[in-house]
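Have a look at the structure below before the remarks.
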Amino acid sequence: MSQTILKVEHLTMRFGGLTAINNLSFEARRGEITALIGPNGAGKTTVFNCITGFYKPTEGMLTLTHPTGNEFLLERMPDFQINWKAKVARTFQNIRLFQGMTVLENLLVAQHNPLMVASGFSLHGIFSTKTYISAEKLAMDTAVYWLETMGLIDRADDPAGDLPYGDQRRLEIARAMCTGPYLLCLDEPAAGLNPKESNDLNDLLMTIRKDHDTAILLIEHDMSVVMKISDHVVVLDYGVKISDGTPDFVRTDPKVIAAYLGVPDEEVAAVEAEVGL
Amino acid sequence: MEVFVQQLVNGLTLGSIYGLIAIGYTMVFGIIGMVNFAHGDVFMVGSFIALILFMVATMFLGLPTVAALIVVLVLAMALTGLWNWTIERVAYRPLRGSFRLAPLISAIGMSILLSNLIQILQGPRNKPLPPMLPGSIHIMGEDALATAISYKQIVIMVVTVVLLAVFWWVVQKTPLGRAQRAVEQDAKMAALLGINVDKTISITFVMGAALAAVAGVMYLMYYGVVNFSDGFVPGVKAFTAAVLGGIGSLPGAVLGGLLIGLIETMWSAYFTIDYKDVAAFSILAITLIFLPSGILGRPDVEKV
Amino acid sequence: MANDNQPANTPTIDLGAAVRDAVIASLVMLGLAIPILALKTEQNMDNRLVLEPRWHYVWIACALVFAVRLALTLFIWNRKAKITVAKGEQTPTIMSGLVRVLKPFSGRAGLLFLVAYPLLALWLVGPQGSIKWIDNFGIQILIYIMLGWGLNIVVGLAGLLDLGYVAFYAVGAYSYAIIATQVIPATFPELGVWSFWICLPIAGLLAALWGVLLGFPVLRLRGDYLAIVTLAFGEIIRLVLINWVAFSNGYAGISGIPRPSFFGIPFNASEEGFAAVFGLEFSPIYRTIFLFYVILALALLTAFVTVKLRRLPVGRAWEALREDEIACRSLGINTTNTKLTAFSIGAMFGGFAGAFFAARQGFISPESFVFIESAQILAIVVLGGMGSLFGVVISSIALVGGIEILRELDFLKQIFGPHFDPAQFRMLIFGTAMVVMMLWKPRGLVSTREPSVFLKERKSISGSLVKEGHG
C-alpha cells in the first residue's frame, strides 16, 4: 500500500446558505491515479478549488505529504504557494492558457519561480550572468522535453490560442507538469476529446504516473478514461461522498447507480436516508 | 444643535442631487459593466440646457417661475436624453464587446469633448441667474442660529424621492425593467430570448441622462449658477456615491448620494472647506479597497 | 440605424432609405443643437445673462450632418463589408499601412534620426527658429514617449488599468523641485550645480516607493475598479499639493528650479558657463539641445529596461498576468508581487520624467498634474497597442505633435478671421481624437504582439488572441 500523498479530512464548503461540500474525507496515494466522479453539480470542481487554494474551506483539513515526509496544510496556504511549495498543479475545466503567448512562452512562464531565483530578482538576468543563462537553458530543455512528449514541438512558436482544442488541453497539462508537481489535479481533461484523443490521453496520464512519480487526481465524466486508468475512485453526489474504492467496486455499487441513473420511486426515501441527504 | 440640523438639511439636499446623478452611473454600469466617464459632463450639459430653456421660458414666454421650472424639467429630460442617446450610439455601441479599454478611453474622450464643447459654445465664464423660489420654513432657533429648510430644498428632496420610487418601480415591475435586469445578467441569453439588447441599453442611457437632467435643473435652481467645468467633480462624487451604495442598486445610489452629501457638508462646516474634495475621493478609494460591493450591493464571486 | 439592417454587399443602393436616414440624423442634430448651439448665454452690461441667437450655426450643422450621413451611407458603408469592430478584427486601413511604412524606423534608422534631429533642425532653420522645433516638439514629444513607455509597463504589459499615472509624474517633479530649491541650498550649496543629476535617481526612487504604497492596497481590485481607485489617488495627490501650502506652495507652485548643468558646467553666459568653456558664443540653444539629449537618453533607458525585462521571468510574468491571472496563480506566481513590481517600475520612470519636466520648465504647479494628463498618457498607450514600444512612439507623435502643430497653422486665421485661435480648440480636438481613434482602432495602431522568446522562428501573434488584462 503506497503512502498517502493527499489526505482530505472532513472538508466542508459553504457559500452563504448553500453547502457545496459536506464533510468529505478521502485519501489519494502516491503513484496512483485517483478519480473524482459524480453527477453535475456534485461539487467536484469545488473540491479542486479548495485543494488548490482558490477557495478557503469553511471547515476541514487538507494535508499534502511529500515523499520526503514534509507536510503541507493546504487549507491555510495561499494559492500560489500551494503550487510553489506544496507542488500541487492543476488544469481547469475551461482551458486557461495564455492565449496571446506562444506555446513555448506558456511553458516558460510555468517555470517562473526557479528562473526568478536564478535571475536574482532580475539582476543576474539583466547582466546575463552565467547563473541565469544556465538556468534559462535548463528551463528551455524542460519545456522542449514536454513539447516532445506531447507531440507539440512543431508548434512551439505558434500562439497558444491557435492550437486545436485537443492540443490546447495537452498543452495545459504540459504546462502544469513544468512546475514539477507531486500531485497533478486535472479538471475534466477528456472533455471534448474524441475516442482516439481520449486513448492518447490515457497513455499520457499513465506515462506521467510511471515516469514522474506524480500522483494524479482527476475529475472526469468520461467513464472510458476513469475505468481504464484509475486506481481509486471517489464518488460525490450533492457534495457528499457516496462511494470510495476501486473502479470495479464503484461501478457496481448500487448507491452510485442510484445517483447516476436514479432508483424506482419506492426506493427513493430509503436511498436518501442511507446517503444522508 | 441648530447648526447641526441646518447642515443636515443642506447635506441631504446636496446628497439628493448627487443621488440623482449616481442612479445614472449605476444603471449603465449594471447593464453593460462600463463606467460612463462622461456622465458627469452629461449632467453639466443638462444644467446648461436647463439654463437656456429657463431663460427662454421666463424672458421670452413670460412664464412664472414654478411653471417655467416644470416645463424646463420635462424638456431638459427629453433633450439631455437625446444627447446621451446620441453619445451611446456614436461612441459606445460600436465598441461594445470584449474590449475593456476602448470604451473607457472613448468615454474619457467624450467627457473632454463635452466640457470643451460647452466651453467653446457658451463661453468659459460662470453663468449666474437671479435666485429662484425664495422663502423657507423655519424649523428651530432664532436670528443668527435660525435653522430653516428652504422651499428649494424641499422641492429637491421630494423630487429625488419621487423619481427614485418611479424608476425603482420601472426596474422591478415593468417589462422594460425585466429586460434590463436580464441584459445585466446575461446579454447573449437575453438576446436569444428575443429581447432587443441594443434598444434596452439605449433606453437605459436615456433614463440615466433624464435623471442627470433633473439633477441639472435642481442644481441650477439651488445654486443659481452653472459653469462648463461643473461636470468632473460632481461626476466623480456621484460615482463615489454609486459605488458606496453598491453599484447596480438604485436605492443604493441614492443612499450613497445622501451619505456623500452629508459627509461633504459636515466636513466643510466642522473642519475646513479646503480638503472637502479630498474627502470624497478618499471615501471612494476606501470604499473600493475595503467594501467593493458597497452597502447595498451584491458581492460577485468569480468562477474559477 | 438603417445600415445595420443592410446585408454586407448590396449591389443596389436604396436611395430613399438613405435619404430618410440622413433626415433622421439631421433631426437628431437639430435636437442636440437646441438650445446649446442655437442660443448663446452672454453677460450684458448689467452683468445679467441674456440670450443671443445663433440660428445660422444650427442650420449649417444640420445641413452638414445630413450631407455627411448621406455620403457615408451611399459611398462608404455600402461598399465595405460590415466592420466587426467588437470582434477584434482590424481591417487594413491607412494607419496600419502607415505603421508598416514606418516600421523600418523602429530600429536603428529611427534611433539615428532621433539623435540627429536637433542638428538637423539647427541646420534647416538656424538657432533662433529651431528652438521651437527642438523644445516644443522634440522635447515635448519625447517626454510623452517616455511617460507612455513607463505606463506601458503597467497597462500594456501587465494589463493593470492605471488612471492616476500623473501622480508619479508629480512626485518626481516635486521631489526634484523641493530638494533642489530647499534641501540642497540649506545643506550642501556647493552641490547646487549638480542638483539635477543628484535628484534624478532620488526622484525615481521616491516615485517607485509611492508606487508600492499606492499599489499595495489596490492591486487586487479588478479592471474598472482599479482604474477608478488610481484616478482617485491621482486626484488626492493633486488636491493635497494644492492645499498643503507649507509643503508645496499651493497654486503658486515652486519656481526658480535649477536647470540641469552639463555635468557640472552650467548653461549660462558667465565665465564658467558652457559657452565660455567650449569657446562658443553664448546662445540659449545649447541648453535646449542638451535637454533634448537628456530626455532622449532617459526615454531610451526606459525602452531598454522594458525590452530586457520582457525577456526575463518577471516580464513574462507581467504578460502572463495580463492574459490570465488565475492561471498564473495556479503556476506558483505570486501575482501581488508581480503587480507591485510592474506598478513601481512604471512609477519610477514616471518619476524620472517628472524630475526632467521640473528641470526643463524651471517652474511647476499643481495645474500641470491634472487628470487629463493621465488620460492623455493612457490614450497614447492604448492607441499604441499591444504593449508595443513602437506603437507608443507613433501615437505620441500623432497626438502630442498633432496638437502642437495646431499652433503653426496660421493660414487658418485667414479663413476664419483674425480672432480664430486654433489652440483654443486644442482640448476639444484632443477629446474628439480620443473617441475617433477608439472607434477606428480599438486595439491600437500596432495589431500584433512579438513573443519574447522563440525556439525556431519568431512568429507575430495576432492581436485578436492577446488579452487586454483584467478581462
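Within every chain, numbering begins at 1; the chains are lettered A, B, ... in the order of the sequence lines, protein sequences first and strands thereafter.
Rounding to the nearest 0.5 Å places CD1 of B/I120 at 4.5 Å from CG of C/L428. Remark: B/I112 CD1 to C/Q376 CD distance equals 8.0 Å, nearest 0.5 Å.
Closest of all the heavy-atom pairs between C/G31 and B/L79 is O-CD2, 3.4 Å. Scanning both residues, C/T432 and B/L113, for their nearest heavy atoms gives OG1-CD1, 3.5 Å. What you find for C/I228 and B/L284 is that their closest heavy atoms are CG2-CD2, 3.5 Å. Minimum heavy-atom separation, C/M434 to B/I108: CE-CG2, 3.8 Å. Across all non-hydrogen atoms, the minimal contact from B/F281 to C/I236 is CB-CG1, 3.5 Å. Counting all heavy atoms, side chain and backbone alike, B/A91 lies closest to C/L439 at O-CD2, 4.1 Å.
For B/I118, the part sitting under 4.5 Å from any heavy atom of chain C is the side chain, from C-beta outward, and nothing else. Interface remark: C/I242 contributes no atoms to any contact with chain B (heavy atom separation under 4.5 Å). Looking at B/F239, the atoms closer than 4.5 Å to chain C (heavy atoms on both sides) all sit in the side chain, from C-beta outward. With a 4.5 angstrom heavy-atom cutoff, C/V155 touches chain B only via side-chain atoms. For B/M110, the parts lying near chain C are the backbone and the side chain together; criterion is any non-hydrogen pair under 4.5 Å. Using a 4.5 Å cut-off between heavy atoms, C/L383 makes no contact with chain B at all. Both the backbone and the side chain of B/V56 come within contact range of chain C, with heavy atoms under 4.5 Å apart. Of the two parts of B/L121, the backbone and the side chain both hold a non-hydrogen atom closer than 4.5 Å to a non-hydrogen atom of chain C. Of the atoms belonging to B/L101, heavy atoms from both backbone and side chain fall under 4.5 Å from chain C. Of the two parts of C/R238, neither the backbone nor the side chain holds a non-hydrogen atom closer than 4.5 Å to a non-hydrogen atom of chain B. Within the 4.5 angstrom heavy-atom criterion, no atom of B/N84 approaches chain C. Heavy atoms of C/V382 lying under 4.5 Å from chain B belong exclusively to its side chain. For B/T86, the part sitting under 4.5 Å from any heavy atom of chain C is the side chain, from C-beta outward, and nothing else. Heavy-atom distances place the side chain of B/L51, and not its backbone, under 4.5 Å from chain C.
Note: C/F371 leads C/F233, C/Y57, C/F371, C/W244 in heavy-atom pairs under 4.5 Å with chain B. Comparing C/A375, C/P217, C/A379 by heavy-atom pairs within less than 4.5 Å of chain B, the highest count is held by C/P217. If you tally non-hydrogen atom pairs under 4.5 Å between each of B/Y92, B/F48, B/F37 and chain C, the highest count goes to B/F37. The residue among B/A280, B/S115, B/G109, B/A78 with the most heavy atom pairs within less than 4.5 Å of chain C is B/G109.
With hydrogens and angles disregarded, no donor-acceptor distance shorter than 3.5 Å links the side chain of C/R443 to the backbone of B/A102.
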Before you tell me yes or no, could you show the steps for B/V236 and C/E235 under side chain to side chain contact (heavy atoms under 4.5 Å, CB included), namely the whole-Å CA-CA distance, both residues' side-chain angles and the distance that decides it to 0.1 Å? CA-CA 10 Å; B/V236 172; C/E235 282 297 289; over 6 Å; no
Applying side chain to side chain contact (heavy atoms under 4.5 Å, CB included), run through B/I105 and C/L378 and close with a yes or a no. CA-CA 8 Å; B/I105 304 277; C/L378 182 64; 3.6 Å; yes
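Put simply, the side chain of B/N116 does not reach to within 4.5 Å of the side chain of C/F430, judged on heavy atoms.
By the 6.0 Å contact criterion, CH2 on B/W83 is enclosed, its count of non-hydrogen atoms from other residues, nucleotides or ligands being greater than 12.
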